[in-house]
Amino acid sequence: QGEVRFEAVRFGYDPAREILHGLSFTIPAGKTLAIVGPSGAGKSTIARLLFRFYDIQSGRILIDGQDIARVQQDSLRAAIGIVPQDMVLFNDTVGYNIGYGRAGASEAEIEAAARGASIHDFILSLPDGYATRVGERGLKLSGGEKQRVAIARTLVKNPPILVLDEATSALDSRTEEAIQGVLGEIARRRTTIIVAHRLSTVVDADEILMLDAGQIAERGTHQQLLRAG
Ligand code: ADP
Ligand code: ADP
């Protein structure tokens with residue numbers, strides 16, 4: 001469960017200015033695809049389309065063979081976890097922020113969910129310890145900490161498909177390491193992962209798709225691309 005397929009997808013925010021020019025690719029269920037390419041290539045756009053933030057002009061986007069245009073928004077939200085690069089956190093506790101999306105969840109339930117999703121270590125990797133700061137209101141979090149809270153918020157939902165949009169964000173090395181670790185763990189539980197990212201994290205991806213001006217310039221494993229390059 002979790003196959004993602006783009007079939008000849010054409011899209012422009014303004015239909016008169018096409019951004020994706022008939023894009024096709026398939027990610028088998030449980031595999032990791034990294035989308036790389038220069039700023040403005042369309043990486044974030046792909047992430048947004050998967051969540052149906054916008055309708056495409058032509059082509060199809062399929063999840064497990066189902067056209068997402070025909071899927072209820074609710075099921076789409078259950079199937080896909082997206083971590084946008086500019087996720088806004090609530091001015092509240094870490095616990096509340098992570099639990100958001102699980103209506104009425106208590107801190108104990110959030111903790112349990114985090115354990116169930118086996119990301120507890122990830123949350124603990126928040127500086128000073130998630131456990132001691134979970135109930136603290138009005139936290140002053142660094143950019144990297146915020147990013148980790150945002151990721152944790154998506155991960156506790158345990159979605160079959162995970163989309164990380166980090167196309168331009170500059171992560172500190174600690175955060176990047178924590179994310180790498182948790183992604184490896186998630187990959188082992190057969191989640192389909194799509195990362196729109198700078199080059200550093202893509203080495204572990206099953207496939208890398210190099211995007212340029214809304215078209216696939218190159219695709220292959222890290223090894224294949226190194227040989228070709
Ligand atoms: P990347 O993530 O690879 O940097 P984007 O997907 O953000 O690229 O952008 C692809 C193109 O779409 C760019 O030309 C950008 O200017 C344009 N674009 C992105 N977001 C919007 C938007 N909300 N409205 C209009 N144009 C947009
Ligand atoms: P990124 O390159 O970090 O993915 P964005 O996707 O936010 O950045 O934006 C990419 C480009 O699209 C930027 O040049 C930005 O100015 C432009 N853009 C973003 N949102 C809009 C919008 N609503 N209307 C027009 N252009 C936009």
Side-chain angles (χ1 to χ4, degrees), residues 4-27 31-63 67-69 73 76-77 79-89 143-144 146-148 150-151 153-155 159 161-172 175-176 179-180 183 186 191-222 224-226 228-229:
V4 175
R5 181 193 284 266
F6 272 55
E7 282 182 2
V9 172
R10 289 185 179 276
F11 172 74
Y13 294 89
D14 170 358
R17 188 178 158 245
E18 197 174 87
I19 303 283
L20 301 178
H21 313 287
L23 195 64
S24 299
F25 62 86
T26 303
I27 316 165
K31 297 293 182 191
T32 304
L33 177 77
I35 304 174
V36 301
S39 182
K43 303 182 293 295
S44 299
T45 300
I46 290 173
R48 291 176 199 140
L49 290 182
L50 200 54
F51 219 49
R52 239 175 82 201
F53 286 153
Y54 303 94
D55 288 325
I56 57 178
Q57 269 89 49
S58 69
R60 295 197 302 171
I61 301 172
L62 308 162
I63 293 178
D67 190 333
I68 64 164
Q73 198 60 244
L76 210 54
R77 274 169 208 278
I80 306 169
I82 187 163
V83 185
Q85 50 179 315
D86 47 6
M87 187 183 265
V88 178
L89 294 181
K146 278 188 195 148
Q147 196 110 11
R148 274 179 270 169
I151 291 171
R153 184 200 289 183
T154 303
L155 293 185
I161 299 167
L162 179 69
V163 182
L164 280 178
D165 185 1
E166 319 238 284
T168 52
S169 54
L171 300 177
D172 58 83
T175 300
E176 198 145 333
I179 291 172
Q180 295 253 26
L183 284 185
I186 297 162
T191 302
T192 306
I193 305 173
I194 304 168
V195 196
H197 207 288
R198 298 162 303 127
L199 269 165
S200 53
T201 8
V202 305
V203 178
D204 294 332
D206 295 302
E207 191 164 32
I208 299 169
L209 197 151
M210 294 182 80
L211 204 64
D212 194 14
Q215 270 166 327
I216 297 174
E218 203 121 35
R219 63 179 295 178
T221 61
H222 189 243
Q224 287 167 343
L225 292 186
L226 279 183

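Every number for a ligand or one of its atoms is a count from 1 in the order of the listing. These numbers come from a predicted model, not from an experiment.
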Taking [Y]'s backbone N and O only, do any of them form a donor-acceptor pair with [X]'s side chain (distance below 3.5 Å, no angle check)?
X      : Y      : value
Lys43  : Ala34  : no
Lys31  : Thr192 : no
Gln224 : Thr221 : yes
Arg52  : Ile68  : yes
Thr26  : Arg5   : no

If we set the cut-off at 4.0 Å for heavy atoms, which region of Ile19 has an atom near ligand 1: side chain, backbone, both, or neither? side chain

In ligand 1, which numbered atoms sit nearer than 4.0 Å to a non-hydrogen atom of [X]?
X     : value
Arg48 : 19 (C), 20 (N)
Arg17 : 14 (O)
Ala41 : 1 (P), 3 (O), 8 (O)
Tyr54 : 23 (N)
Thr45 : 5 (P), 6 (O), 9 (O), 10 (C)
Ser39 : 4 (O)
Pro38 : 3 (O)

Rounding to 0.5 Å, atoms CG (Leu209) and CD1 (Ile216) come to a distance of 4.0 Å

Which of these, Ser44, Ala213, Gly37, Ala47, has its nearest heavy atom closest to atom 2 (O) of ligand 1?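 Among Ser44, Ala213, Gly37, Ala47, the closest heavy atom to atom 2 (O) of ligand 1 belongs to Ser44.
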
Consider only side-chain N and O atoms of Tyr13 and Thr45, and report whether a donor and an acceptor are under 3.5 Å apart. yes

